[in-house]
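Notes for the one structure printed next.
Residue numbers begin at 1 in each chain, while the letters A, B, ... track the order of the sequences. Keep in mind the model is a prediction, meaning the values are calculated, not measured. Any value given below was found using the heavy atoms of this structure, including those in side chains, with hydrogens, waters and symmetry copies removed.
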Amino acid sequence: MSWLELDAVDVHYGRVQALRQVSLGVEEGEIVALLGNNGAGKSTTLNLISGFVRPSAGALTWQGQDVSRLKPHQLVAQGIVHVPEGRRIFSTMTVQENLLLGGYLVRDPAVIKRRLDQVYDLMPRLQERRGQEGGTLSGGEQQMLAIGRALISAPRLLLLDEPSMGLAPLLVAQVMRIIAAVNQSGMTVFVVEQNAKAALQIAHRAYVLDTGSVSLCGPAADLAQDPRVVEAYLGGA
Amino acid sequence: MIQVIVNGLSVGAFYALVALGYSMVYGIIKLLNFAHGDIYMLGAYVGFVVLGALTSWLSLPTALGLVLVTLVTMALTGGAGVLMERVAYRPIRHAPRLSLLITAVGLSFALEYGVRQIFGPKPSHFPVQIDAGSVNLFGATITTARIIVILVAGVLMVVLSLFVAKTRQGRAMRAIALDAKAARLMGIDVDRTISLVFFIGSALAGAAGVLAGAVYGTIDFLMGFIIGIKAFTAAVIGGIGNLYGAMLGGVALGLLESFGVAWLGGQWRDVFSFLCLILFLTFRPTGILGGRVVERM
């Protein structure tokens with residue numbers, strides 16, 4: 001059984017079925033990418049793992065425990081932290097306050113201090129702007145802040161929803177480097193991306209979601225060569 | 001002149017204390033809690049009962065007794081606020097806003113006529129009154145009661161501001177007001193934090209109720225109605241959802257009424273308030289401090 005496992009999961013929004021028999025797993029220490037087009041069910045999958053939607057069938061287990069009925073804040077306490085699509089920075093609060101909110105469940109001020117320093121080391125840009133309101137940051141800075149905010153709680157599984165969305169290519173590369181660095185330091189990452197090329201460069205394995213079902217899966221390097229992926233998601237010939 | 005200002009400030013202190021709860025609740029769940037004024041009334045009656053019980057058991061100095069009664073009342077009305085949210089609002093939090101609003105109005109009547117059922121329609125006399133001494137300030141005669149009201153309200157507001165600005169729970173409240181989903185992603189238990197907001201807001205209104213009883217001497221089951229609307233007015237003037245706005249709006253409304261009354265007479269008091277409400281809703285619906293345009297009902 002995988003560290004995080006979805007086993008034959010269905011999700012319905014009213015009568016509309018968003019996920020159909022989705023099975024996938026993430027192992028400790030990996031970066032796993034979930035690729036697919038708009039509306040394929042990628043965000044639904046993340047919202048399922050972080051407790052915002054409930055499965056109508058199938059099982060969701062985390063370290064062997066059924067977590068399909070836990071609420072989002074309880075999952076954060078279990079170490080599953082979700083960086084949402086569109087960053088959702090607290091716009092009128094400062095960068096530092098945003099980061100402190102990421103550490104909401106951490107009670108020890110010394111630990112928070114240490115992790116703040118780690119995040120500022122990793123992303124010096126945030127330190128320069130620590131007193132500035134979150135809403136005044138550029139898109140790239142906001143994405144870094146969103147990731148930094150998640151890191152303060154020292155998650156065991158980091159869920160990222162479209163971290164490259166709306167960013168210039170240079171910034172996409174920078175954000176991907178940060179994700180890879182975070183993974184190097186031992187954190188497990190599950191990343192949802194439309195930008196398949198960028199995601200496949202840092203991921204170990206990947207799944208492709210097509211209208212609510214997993215259509216392909218395998219090591220990232222293999223998928224990057226797979227003609228079906230190249231044609232559909234990498235803009236290849 | 002100073003007389004008028006101090007009068008305005010002391011009335012404004014009541015408005016501000018009640019407006020804070022109005023505004024905090026609106027800020028966090030976008031609900032206009034029309035039953036909030038009745039929590040103030042409930043505070044006065046809880047204070048009335050607790051004070052009655054207390055004076056028959058022990059003989060405390062009046063000041064100490066009042067402080068004790070205020071604290072007990074704040075805890076009890078805070079609890080009532082939490083219960084109110086849990087029973088009446090939480091089950092329909094995601095229902096259309098009109099349902100919430102009608103529930104709030106219903107709850108207001110339930111509280112008013114529930115209290116009438118228990119204590120009767122006639123005003124009750126508060127067992128203790130802040131003694132009617134007065135001091136001379138720059139030639140104006142100021143009753144001690146008014147000074148106490150201003151001081152107590154000031155202390156409560158400073159404590160609240162620090163709590164919301166500096167503490168972990170305060171940050172969580174602001175986070176939910178900005179983006180409830182993102183707040184959940186931080187590990188914040190939104191339901192519990194909303195309960196906390198209801199507790200604090202209701203405790204402040206309860207404190208105002210006890211003070212009102214001790215200052216004015218009589219309490220009745222409809223006393224929360226008019227102050228509820230005034231507090232709503234104050235919250236709108238200051239910028240609803242904004243903590244400092246509620247304080248500023250309360251004080252501004254108190255002063256405005258005080259000057260208006262000094263100028264034209266007591267019967268014009270409410271005309272001033274509601275004219276002010278209408279003007280703000282028409283020309284500056286976000287209030288003095290509300291910068292961003294918030295969704296209106």
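Residue R87(A) does not touch chain B at all, counting heavy-atom pairs closer than 4.5 Å.
At least one side-chain heavy atom of R168(B) sits less than 4.5 Å from a side-chain heavy atom of R107(A). For the pair R184(B) and F52(A), the minimum side-chain heavy-atom distance is below 4.5 Å. In this structure the side chain of R192(B) never reaches within 4.5 angstrom of the side chain of H73(A), judged on heavy atoms. In this structure the side chain of N47(A) reaches within 4.5 angstrom of the side chain of K181(B), judged on heavy atoms.
Applying the 6.0 Å contact sphere to CZ of R54(A) captures more than 12 heavy atoms from other residues, nucleotides or ligands.
Taking every heavy atom of both residues into account, P84(A) and L185(B) meet most closely at CG-CD1, 3.4 Å. The minimum heavy-atom distance linking R88(A) with D179(B) is given by the pair NE-OD2, 2.9 Å. Among all heavy-atom pairs drawn from R149(A) and M186(B), the shortest one is NE-CE, 3.3 Å. When all heavy atoms of Y104(A) and A172(B) are compared, the closest pair comes out as CE1-CB, 3.6 Å.
Interface summary for chain B: among L101(A), L100(A), I80(A), the most heavy-atom pairs under 4.5 angstrom belong to L101(A).
Between the CD1 atom in I89(A) and the CG atom in L178(B) there is a gap of 11.5 Å [rounded to 0.5 Å].
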